[in-house]
K.L.:
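Take a look at this one; I'll ask things after.
A, B, ... follow the sequence lines: proteins, then strands. Residue 1 opens every chain.
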Amino acid sequence: MDETARYEHVPLTVYNSLRRAQEPFSALEPPFVGMYVCGPTVYSDPHLGHARSAVVFDVVFRYLRFLGYRVRYVRNITDVGHLEDEQADAGEDKIAKRARLERVEPMEVVQRYTLSYHDGMRRMGCLPPSIEPRASGHILEQIEVVERIVEAGLAYEADGSVYFDLQKYAGDAASDPARRDGGDGSPYGQLSGRVFEDLMANTRDTAGAEQKRSGLDFALWKKAEPQHIMRWRSPWGEGFPGWHLECTTMSTRYLGEQFDIHGGGLDLQFPHHEAEIAQSHGAFGTDPARYWLHSNMLTVDGQKMAKSLGNFITLEEMFTGAHPRLEQAFSPMVLRFFMLQSHYRSTVDFSNEALAAAEKGYQRLMTGLQHAEQVLADEIAAEAAALAEAPLERSSVGPQEDEIAAAGRAIPAPGTVTADGDHAAAVVAQIDACWKAMGDDFHTPKTIAALFELTRLTQRPEHASAPDELRRAAARTVRGFVRAVLGLHPEEEAASGAAPDRLSAVMELVIALRAEARKAKDFATADRIRDTLAAAGIQLEDGRDGTTWVTT
RNA sequence: GGCGCCGUACCCAAGUGGUAAGGGAGAGGCCUGCAAAGCCUUCAUUCGCCGGUUCGAAUCCGGCCGGCGCCUCCA
C-alpha cells in the first residue's frame with residue numbers, strides 16, 4: 001500500500017449550488033480543507049431534520065479525511081434566537097420565548113438544548129466538528145463586520161438598526177463585469193437561482209412598518225426594543241445581530257475570508273446563504289465559499305414535517321417509538337443507514353414501512369461487516385493494543401491523528417489491484433465502485449449497493465481460496481467504507497463499550513462447551529446455549545470450520 | 001403569484017442516450033442435527049400518460065396528469 005494521500009489519486013466531484021453543476025473538487029490549499037456548515041438554533045429538542053443535515057455533512061467530513069485531507073469543520077450553534085415574527089418590532093426571540101415559558105434564563109435554554117443536540121448527534125454516529133462557535137460569543141466580531149459593510153457603503157443606519165442595502169449591492173454587481181461572469185463574484189440571487197428584479201417586484205412592501213429602504217433589505221444589526229432580553233451595546237445603540245451575520249463572521253474568523261466548502265439545509269439557500277454571500281462581498285470583497293452544498297429536506301409520510309401536521313418527530317421519539325405515527329422504535333444506526341440509502345440532494349420520505357426495510361438492510365450490512373472483520377482479526381487486535389498504549393483520551397477535535405485517513409490509505413486506490421480470474425475481477429470492481437460512488441458527489445446509495453455486492457462476493461465459496469492479499473483488500477474496503485466513511489457500526493458497540501477481549505474469551509469457552517454437547521448429540525443443551533445467547537444479542541453461526549458469532 | 005423537485009417492480013431506491021444497480025418483502029433450492037447466517041435461482045420486455053427528436057430514450061424536447069418542496073428561517 002502506498003502512503004500518499006488518496007486525494008491525489010482518487011477523483012472527487014461535488015455538486016456546487018453556485019453553478020448548479022457537478023464540478024471537480026480542488027482544495028484552496030491542500031491538504032487543508034475548510035468547511036462551514038449552518039448548525040441548529042438551540043431552543044428545542046433535535047428532530048429528524050437536524051439529524052439529516054448533520055449526518056450528510058458528517059459523511060462529507062469523513063470522506064474528505066478518508067481521502068487524506070486535513071479538514072477543519074466548523075458548525076455553529078445559534079444561541080441568539082432569531083425573531084419569530086416577521087414584524088420584527090413585534091416579534092419575540094425564539095430562545096427568549098422558550099426561556100419565558102420555562103421560567104429560566106435564556107442561556108439555560110441554550111445550554112439544555114445544546115446538550116440535547118450533542119447527545120442526539122453523537123448517537124447518530126456524527127463526529128463532533130473541529131470548532132463549534134456560538135453567536136453570542138462573537139458579538140464584537142459581528143459588530144466589526146457590520147462596520148466594514150457600512151464603510152463599504154453597502155449598509156445604512158436607521159433608528160438604531162443597520163440594514164444591508166441590496167439595491168446598491170445588486171447595482172454594483174450589475175455594473176461590474178467581473179462580478180457578472182461567475183468569476184469573482186455573485187450577484188444577489190445567483191446561488192438560489194433567483195432574479196433580483198423579480199425578487200424586487202414580488203416583495204411585499206413592508207417598509208412602512210420599518211425603516212428599510214426596500215423590502216428585500218435585511219438587518220445586519222437590530223435595535224432592541226425594551227422587551228428584548230438578549231441585547232448588546234453597539235455603535236448604533238443597544239441591540240442584537242442580524243439573522244445572517246453570525247455565519248459570515250464566524251466562518252471568516254475560523255476559516256478565512258474565503259474557504260472551500262459551505263454547507264447547510266436547502267431551506268437556508270434563500271435568503272440566508274444569499275445574504276451571507278452579499279455580506280462577505282460587502283465586508284471582504286470576496287465570495288465566502290468556493291463550493292456550496294445543500295442537503296435536501298425530508299418528509300414524513302409524504303409530507304413536510306411540521307408541528308401543525310402532527311408528523312413532527314424528534315430523535316428521542318424515533319429512538320423510543322413514542323409517537324402516534326410510529327409503529328415501532330428505530331435505533332440511531334438504522335436511521336443513519338436509512339438516510340444514507342438516499343442521496344443527500346434528494347428528499348427522503350420517512351415511513352414505517354421504509355424504515356422497517358432499512359432495519360433489515362442495516363442488519364445485513366452489519367453482518368457483512370463482522371464477517372470482514374473476522375478476516376482482519378489479527379490487525380484489528382494489533383490496532384486495539386496500540387490504542388490501549390496511546391496516552392490519554394483521543395478525540396477528533398484538535399490536530400487529527402487521523403485514523404480515518406489511515407483507513408483510506410489501507411484500501412487500494414482504484415485501478416491499483418490486478419485481478420486474476422473472474423471472481424477476483426468482480427471483487428476488485430466492487431472495491432473500485434466504492435471509491436467511484438463516493439467520488440460522485442458523496443453518492444452514499446451507490447456506495448451501499450457496492451458494499452452489498454462486495455460482501456456477497458466475499459461470502460461465496462470461491463473467495464475462501466482467493467489470495468490473502470485480495471481477501472484483506474476486500475475486508476479493509478468493507479471495514480473502511482462502512483465504519484470510517486459511512487459512520488455505521490454495530491449498534492451495541494456505542495451503547496456498552498464492552499471490552500472485546502474479555503467477551504471473546506468467554507465466547508471461546510461457550511462455543512467449545514457447546515461443540516462438546518453437539519458432539520455428544522446433546523442438542524437440548526446445544527440449543528439452549530444458542531437460544532440464550534441469541535436472546536442476549538449474540539448470534540452463533542455454525543460453519544464448516546467451526547462456529548463463529550456476531551452481535552445482532 | 002415567483003422558483004424548483006419528483007413520479008422506476010408489492011415497498012424503499014440507483015440509473016439521465018445504448019438496451020433496467022442495490023436493499024426489503026415474496027417464491028424455489030443448497031448448506032445444517034434443527035436453526036441462524038450465508039450462497040444460488042427467481043421476481044419491471046419496462047420506467048405516470050400522450051406526442052416528438054434519434055439507428056436507438058427511463059434517460060433529450062413539448063404537452064398533459066399526479067405528488068411534493070422553497071419563497072414564512074424551520075435542517
K.L.:
If you find the nucleotide of RNA chain B closest to Gly543(A) and the one closest to Lys446(A), which residue's nucleotide is nearer the 5' end?
P.N.:
Lys446(A)

K.L.:
My understanding is that a pair needs two contacts under 3.5 Å, Watson-Crick or G-U wobble. By that rule, which nucleotide pairs with C31(B)?
P.N.:
none

K.L.:
Hey, which sits more toward the 5' end of RNA chain B by its nearest nucleotide, His343(A) or Gln363(A)?
P.N.:
His343(A)

K.L.:
Send over the distance from Leu540(A) CG to G38(B) C1', rounded to a whole Å.
P.N.:
15 Å

K.L.:
Val56(A) versus Asn296(A): any side-chain heavy-atom pair under 4.5 Å?
P.N.:
no

K.L.:
Looking only at the side chain of Gln341(A) (C-beta and beyond, no hydrogens), which of the listed nucleotides C34(B), C73(B), G23(B) gets closest?
P.N.:
G23(B)

K.L.:
How close or far is atom P of C70(B) from atom CD of Glu274(A), stated in whole angstroms?
P.N.:
17 Å

K.L.:
Once you apply a heavy-atom cut-off of 4.0 Å, does Ser346(A) come out as touching a base, just sugar-phosphate, or nothing?
P.N.:
sugar-phosphate

K.L.:
Using only side-chain N and O atoms of His272(A), determine if any of them is under 4.0 Å from OP1 or OP2 of A75(B).
P.N.:
no

K.L.:
May I ask you to say what Arg514(A) touches in the nucleic acid, namely base, sugar-phosphate or nothing, with a heavy-atom cut-off under 4.0 Å?
P.N.:
base

K.L.:
Between G69(B) and Asp267(A), counting only base atoms on the nucleotide and side-chain atoms on the residue, is there a donor-acceptor pair under 3.5 Å?
P.N.:
no

K.L.:
Please name the nucleotide paired to C73(B) by Watson-Crick or G-U wobble geometry with both distances under 3.5 Å, or report none.
P.N.:
none

K.L.:
For G7(B), which nucleotide in any strand shown is its Watson-Crick or wobble partner with both distances under 3.5 Å?
P.N.:
C65(B)

K.L.:
Give me the residues of residues 447-462 of chain A where at least one heavy atom lies under 4.0 Å from an atom of RNA chain B, by number, or none.
P.N.:
Ala449(A), Phe452(A), Glu453(A), Arg456(A), Gln459(A), Arg460(A)

K.L.:
With distance as the sole test, does Asn76(A) use its side chain to make a donor-acceptor pair with the main-chain N or O of Gly39(A) at under 3.5 Å?
P.N.:
yes

K.L.:
So, under a plain 3.5 Å distance rule, would you say the side chain of Asp542(A) forms a donor-acceptor pair with the base of A35(B)?
P.N.:
yes

K.L.:
Out of A75(B), C68(B), C73(B), which nucleotide sits closest to the side chain of His244(A)?
P.N.:
C73(B)

K.L.:
With the side chain of Arg518(A) defined as its heavy atoms from C-beta on, choose the nearest nucleotide among A14(B), G38(B), G33(B).
P.N.:
G33(B)

K.L.:
Is there a Watson-Crick or G-U wobble partner for G26(B) with both distances under 3.5 Å, and which nucleotide is it?
P.N.:
U42(B)

K.L.:
Take atom CD in Glu462(A); do more than 12 heavy atoms of anything else shown fall under 6.0 Å from it?
P.N.:
yes

K.L.:
Classify the side chain of Arg530(A) versus the base of A35(B) as yes if they form a donor-acceptor pair under 3.5 Å and no if they do not.
P.N.:
yes

K.L.:
If pairing requires Watson-Crick or G-U wobble contacts with both distances under 3.5 Å, which nucleotide is the partner of A20(B)?
P.N.:
none

K.L.:
Taking any heavy-atom pair under 4.0 Å as a contact, classify Thr367(A): base, sugar-phosphate, or nothing.
P.N.:
sugar-phosphate

K.L.:
Assess the pair Tyr73(A) and Phe57(A): is the distance between their ring centroids shorter than 6.0 Å?
P.N.:
no

